[in-house]
Amino acid sequence: MTVFKIYMKIAKKNIWLVLLYLAIFFTLTLLFQAVAGNSADQGYEPESISIGVVDQDQGKLSACLIQTLRQTNQVSILENDREALQESMFYNEVSYIVHIPEGFMERCIVGNDSLEVTTMPGTYAGAYLDQQLDSFVNFARVRAAAGFTEEETAQSMLEQEMPSVTLLDLRGNGGRMSAVSFYYRYLPYLALSLMCYILGYILIGFRKGNITRRMRASALPARRQAAEGLLASGILAFALWVFCTAAAFLLYGKEMIKGGFSGYLLLNSTALVLVSVTIAYLIGTLIRNSEALSGIVNVVSLCMCFLCGVFVDMDHLNSGVRKAAQFFPVYWYERVNDLIAEYGASAAYVRTEIFQGIGIQLVFAAVFICVTMAVSREQAQ
């Protein structure tokens, strides 16, 4: 077991690297989990925008509109002075100006005139407030069509209750993403970085000096050497998987057991570790020195994590990036993890999609093995 012992010896020398990445992984996981939890605890709140209103009507319905806008926004009453209004917009004192014309009920509710507004073109605030004004006008027109007077329309509009928003507790987490899902979401960074560094250093060590020639000239068959190397790599990968799984059960064991989805998480993480080992072997086969290894590992791990939804939620990436991410195995890992997080105890209903994502990861692992074998054969020749 000479090759096996050397693998383990080199891995033991890099224990500091293992501890460093474990510290980074747990710090990132707990930090992002805390930030996401705090933001989710605030619940739903409508956006508040600074609005200026020029009220030339001074009627019951215009007062009702101003009071309705004040329920969710910061409203200031402005004079109908063009220069003063332009200065307010220029100095960002208000982001949106509403001009209520004289005869508001007859012109804009009974008639078809539109409210005059001033805002920066293409802004979110403009679209958001346009929707609020359209909603008010449409409700007022319905009441006016039913024969309501201006006073009755204003009174009925004020009596409307603001809708309340409640997050459905579909997964037992108050409508939020579970803590264990955050843990497994950032696992690719740890698995890719650690396996690539450890196996990379091991394979580089075997190519130093005359070690390669001595191994070829030794009495130990090449197949036996390869078998011992695969055994050592498998044990290292299994040790990483066991440690991460044990940490997950230690931190979130009750949630995993009660949720009934721990089996899917374990299968998905197993596929991820296998993919990480094959990528690490390919990188270690191609790289000749530790300086190049550090650069390649950082590029591979960070690029996959940013493009495939680890550090940046996939919903925040455009369609082009999401399509490109499908050519990386980490994308399918995160897709499965998101399905498990979304359905929770009902994950069995999307069993087909989950197994499909895991199967694609295994296909990627097989492809990396074939490429590594082709590269190794070419180097030997």
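Numbering of residues begins at 1 and proceeds along the displayed sequence. Every heavy atom of this structure was used, including side-chain atoms; hydrogens, water molecules and symmetry mates were not. Not measured: the values here are computed from a predicted model.
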Please indicate whether Q58 has more than 12 foreign heavy atoms, meaning atoms of other residues, nucleotides or ligands, lying under 6.0 Å from its CD.
yes

Has [X] got a side-chain atom pairing as donor or acceptor with [Y]'s backbone, closer than 3.5 angstrom?
X    : Y    : value
Y183 : C244 : yes
S135 : Q131 : no
S193 : L190 : no
Y333 : Y184 : yes
R143 : E150 : no
D57  : F104 : yes

Roughly how far, to the nearest 0.5 Å, is [atom2] of [Y] from [atom1] of [X]?
X    : Y    : atom1 : atom2 : value
Y252 : S181 : OH    : OG    : 10.0 Å
E116 : Q56  : CD    : CD    : 8.5 Å
Y96  : N73  : OH    : CG    : 10.5 Å
Q155 : T149 : CD    : OG1   : 10.0 Å
I296 : S301 : CD1   : OG    : 10.5 Å
Y186 : N337 : OH    : CG    : 10.5 Å

According to a hydrophobic-cluster definition based on side-chain heavy atoms being under 4.5 Å apart (Ile, Leu, Val, Met, Phe, Trp, Tyr only), do [X] and [Y] belong together?
X    : Y    : result
V371 : M373 : no
F90  : L85  : no
I369 : V363 : no
V242 : V273 : yes
Y331 : V299 : no

Minimum heavy-atom separation for [X] to [Y], with atom names?
X    : Y    : result
L199 : A280 : CD1-CB, 3.7 Å
Q361 : L272 : OE1-N, 3.6 Å
F148 : M105 : O-CE, 4.2 Å
V94  : M89  : O-SD, 3.6 Å
P329 : M304 : CD-CE, 4.2 Å
Y197 : L293 : O-CD2, 4.1 Å

Report yes if the distance between the aromatic ring centroids of F311 and Y189 is under 6.0 Å, otherwise no.
yes

Proximity of F368 and Y281 rings by center, below 6.0 Å
no

Residues T118, H99; criterion side-chain contact (heavy atoms from CB on, under 4.5 Å); working and verdict
CA-CA 8 Å; T118 305; H99 302 262; 3.4 Å; yes

Criterion side-chain contact (heavy atoms from CB on, under 4.5 Å) on T119 and I97, from CA distance to verdict
CA-CA 7 Å; T119 184; I97 298 177; over 6 Å; no

Please tell me if the side chains of [X] and [Y] come closer than 4.5 Å, counting only heavy atoms from C-beta onward.
X    : Y    : answer
S156 : F139 : no
E93  : S50  : no
L133 : L65  : yes
D313 : R185 : yes
N268 : W332 : no
L187 : S269 : yes
V142 : N138 : no
V367 : T278 : no

I would like to know whether C196 and I279 meet side-chain contact (heavy atoms from CB on, under 4.5 Å); could you show each step before the answer?
CA-CA 7 Å; C196 288; I279 293 176; 4.1 Å; yes

Would I358 and Y264 count as a side-chain contact (heavy atoms from CB on, under 4.5 Å) if you check the C-alpha gap in whole Å, the side-chain angles of each, and the deciding distance to 0.1 Å?
CA-CA 9 Å; I358 294 174; Y264 296 116; 5.8 Å; no

Going by the rule salt bridge (charged side-chain N to carboxylate O under 4.0 Å, His left out), which residues pair with D134 if we only count those two or more places apart in sequence or in a different chain?
none

All side-chain hydrogen bond (donor to acceptor under 3.5 Å, both in side chains) counterparts of T372, not counting sequence neighbours:
none

All N/O donor-acceptor pairs, side-chain side in residues 320-327, below 3.5 Å, sequence neighbours left out:
from, atom 1, to, atom 2, distance (Å)
R322, NH1, M314, O, 3.4
R322, NH1, L317, O, 2.3

With C108 as reference, evaluate S114, S62, P101 under the side chain to side chain contact (heavy atoms under 4.5 Å, CB included) test and give the passing residue.
P101

Let me see the working for Q132 and Y128 under side-chain hydrogen bond (donor to acceptor under 3.5 Å, both in side chains), right down to the final yes or no.
CA-CA 7 Å; Q132 288 191 16; Y128 177 70; 3.2 Å; yes

